[in-house]
**Student:** 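Attaching a single structure in structure tokens format; questions to follow.
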Amino acid sequence: MVTHPAPMDIQLRGIHHGYPIGGTFTPVIEDVSLDIAPGEFVALLGPSGCGKSTLLRLVAGLEPPHAGQVLAGGVPVSGPGPDRIVMFQDPTLYPWRTVRANVALSRDIAGRRDDAAVDAAIAMVGLKGFERAWPHQLSGGMAQRAALARALVNEPRLLILDEPLGKLDSLTRLTMQTELLRLWQKRGFTVIMVTHDVEEALLLATRVVTFSTRPARVISDVSIDLPYHRHRDDPRLLALRREILVRLGHSEDW
Amino acid sequence: MSGVGTTQAIAPVGTPQTRARSRPPLRALLPWAAGPAWFVAALVTWRWPDADDFPDTTTLAGLFAGIGVALLSAAALRRLSARAPWMIALGLGFAAWELVQAKLLLLPRPFFGTPQDLLDVFLTDWKRLGDSLLHSLGLLVVGYTAGSILGIATGVGLGRSQRFRYWALPIVRLIGPLPPVSLLPLAMVLIPSNWLASEALMALGSGFPVTILTWSGVAAVDPAYYDVARTMGARDRFLVLRVALPAAMPQIFVGLFMGLGMSFVMLVIAEMLGVKSGLGFYMQWAQGWAAYPNMYAALLVMSLMCTGLITILFKVRDRILGWQKDGLKW
């Protein structure tokens, strides 16, 4: 039995962040504090452009927060690190690398070749036989699978997902949701996922955090203690969905 | 192929079959016509008396006949389908040239030579021509390589570093657009060796387009590519060498191509004005002696050299940019 590295816990303490837009400072995140336990699957929901993706960038260490602190495994985040891997909405595969070389990216960066781990990651996402394909030859779903394999080959302790399924067609999306869930259950890493899809959040996550319009503030934080495998027409799930949509200000639209 | 399909759809029922049946034999015969076209050229050269005392007429006829035999064997080995029309046109073209100039002398001499004259230059002066070619190649390769490396390094610096851009951009903008030729008189005085001066100017000329296109390629790299590598712990060295450079490679090759053209220009100018060797110098010398056939021969060699170098560049490009969906085929 392969042992996977222990999942990571994340603490956000009084995060404030913003950008200068057109000469004036625009606040994007206002006083967000969250405690994420190791192994949790947290979905971040919120209106479009509210600052959820910015929050992910702070957790990944791609930018330092304006004020407040991000702790990963109890240690302040000072930059990106290979145990916190981000998966973006676009697969962002390097077009000049084959699928295999793309999956092996983190190994190249670390300077440690590990063909077995790369092969295993490719097999895990069902891309066996496509190792030598160029990214432009893949469908959207396959490209996103390759990106998933690239993220997982490094055995991350935290997987940060920025709307990873947002651009997929609805059927591919269903398959990928199941896939993500299976990998999370098997590997046990912590997941923070931004999504626009309330149903997706409720199907996958152990906890759904809802944000206000910009600047982002936490408006609700709900634990979803429904057993897996969850069904879309489960009445408890539908009730939660209604509740969250109302909180997001869509009491009429659903 | 699609043309045949269209005809079938429109034409009455009987015709397409006959056309389809009569067409393949004609196309299949085409390779067999290439050899005879060169035999015609050989025959005209050999049997028709020359209008003047030209050298190597028999050798040329033999050469034409030899090419005819080679083409016939190629046709027999089925190696000559796509090139057959060109080979026929070339054979007939040589026959016509031979007829117009060597046999009837219709164009003014010595500006227009005969095929014999050209062959004679290659037979008698091949050593000096080859030597000139090597000198030109040497001059070109050193200057162009130096310019390309300098250009790629400067372009990456401009694209990646704010401080480098602050100091380097004004210099690039001041010197880059200046035609390097205009610096030639000054360079010949300031730099003691003509060779070094020419190399420096050639590097300058080829370096400028490479710099600008590398810069534009690096500046256009999707920032998400950097984010992906950075979240996996990549440092600057990896981001430049393994992310920025490969991503900018399509643009860099456009710059390398333009720079190569620029260095051809600088090569000829340098050899005509200062450097005492190479194909440009040979041409200058040939003109001084009114040796026009020598000039044509040198032009032919130079053209083959330039197209050969561009072919090599495109081969390298096809290898490195094999990941691109499509690309221009040279």
Side-chain angles (χ1 to χ4, degrees), chain A residues 53-54 56-63 72 77-112 132-138 146-148 150-156 158-162 164, chain B residues 152 155-156 159-162 210 213-257 313-329:
Chain A
S53 297
T54 307
L56 291 193
R57 291 181 70 81
L58 302 181
V59 174
L62 288 169
E63 290 173 40
V77 168
S78 58
D83 47 2
R84 284 169 282 132
I85 294 292
V86 190
M87 196 175 146
F88 298 94
Q89 184 175 16
D90 293 304
T92 55
L93 299 173
Y94 292 167
W96 59 90
R97 283 172 171 249
T98 58
V99 167
R100 188 167 207 293
N102 264 294
V103 173
L105 181 66
S106 64
R107 296 286 158 174
D108 284 358
I109 290 170
R112 284 180 285 115
R132 299 182 63 186
W134 297 111
H136 73 77
Q137 295 168 316
L138 302 182
L148 187 61
R150 178 181 64 185
L152 294 179
V153 75
N154 220 28
E155 298 268 352
L158 170 68
L159 190 60
I160 301 169
L161 304 171
D162 190 358
Chain B
I152 291 174
V156 169
R160 292 276 307 165
S161 157
Q162 197 117 41
V210 178
L213 278 143
T214 304
W215 177 23
S216 106
V218 169
V221 175
D222 186 346
Y225 288 164
Y226 295 127
D227 283 348
V228 166
R230 280 181 61 213
T231 60
M232 295 177 178
R235 308 243 168 258
D236 261 350
R237 196 184 142 81
F238 191 93
L239 295 181
V240 168
L241 295 180
R242 310 285 300 273
V243 181
L245 270 184
M249 217 30 111
Q251 295 260 55
I252 293 176
F253 267 102
V254 177
L256 287 175
F257 172 72
L313 183 69
F314 272 80
K315 287 263 185 264
V316 172
R317 192 197 83 122
D318 289 347
R319 252 192 106 80
I320 293 184
L321 296 186
W323 52 271
Q324 280 193 312
K325 248 187 249 181
D326 43 36
L328 169 113
K329 289 275 169 271

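By convention in this document, chain letters (A, B, ...) are assigned in the order of the sequence lines, proteins followed by strands, and residues within each chain are numbered from 1.
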**Student:** Any heavy-atom pair between the side chains of B:P250 and A:W96 that's under 4.5 Å?
**Tutor:** no

**Student:** Rounded to the nearest 0.5 Å, what separation is found between the CH2 atom of B:W323 and the CZ atom of A:R97?
**Tutor:** 12.5 Å

**Student:** Quick one: which of B:A224, B:A229, B:P246 has the most heavy-atom pairs under 4.5 Å with chain A, could you say?
**Tutor:** B:P246

**Student:** Considering only heavy atoms, which portion of B:Y225 lies under 4.5 Å from any heavy atom of chain A: side chain, backbone, both, or neither?
**Tutor:** both

**Student:** Supply the atom-to-atom distance B:D222 CG to A:D90 CG, rounded to the nearest 0.5 angstrom.
**Tutor:** 7.5 Å

**Student:** Just so I understand: if I count every heavy-atom pair under 4.5 Å between each of A:T98, A:D83, A:T92, A:I85 and chain B, which residue has the most?
**Tutor:** A:T92

**Student:** Which one wins on heavy-atom pair count under 4.5 Å against chain B: A:Q137, A:M87, A:R150?
**Tutor:** A:R150

**Student:** Measure the shortest side-chain to side-chain distance between B:D227 and A:V86 over non-hydrogen atoms and say whether it is less than 4.5 angstrom.
**Tutor:** no

**Student:** Would you say the side chain of A:N154 lies within less than 4.5 Å of the side chain of B:M232, judging by non-hydrogen atoms?
**Tutor:** no

**Student:** As an exercise, state the distance from OG1 of B:T231 to CG of A:L105, rounded to the nearest 0.5 Å.
**Tutor:** 8.5 Å

**Student:** Which bit of A:L93 comes within less than 4.5 Å of chain B, counting heavy atoms only: side chain, backbone, both or neither?
**Tutor:** backbone

**Student:** So which part of B:R242 gets closer than 4.5 Å to some heavy atom of chain A, the side chain, the backbone, both or neither?
**Tutor:** both

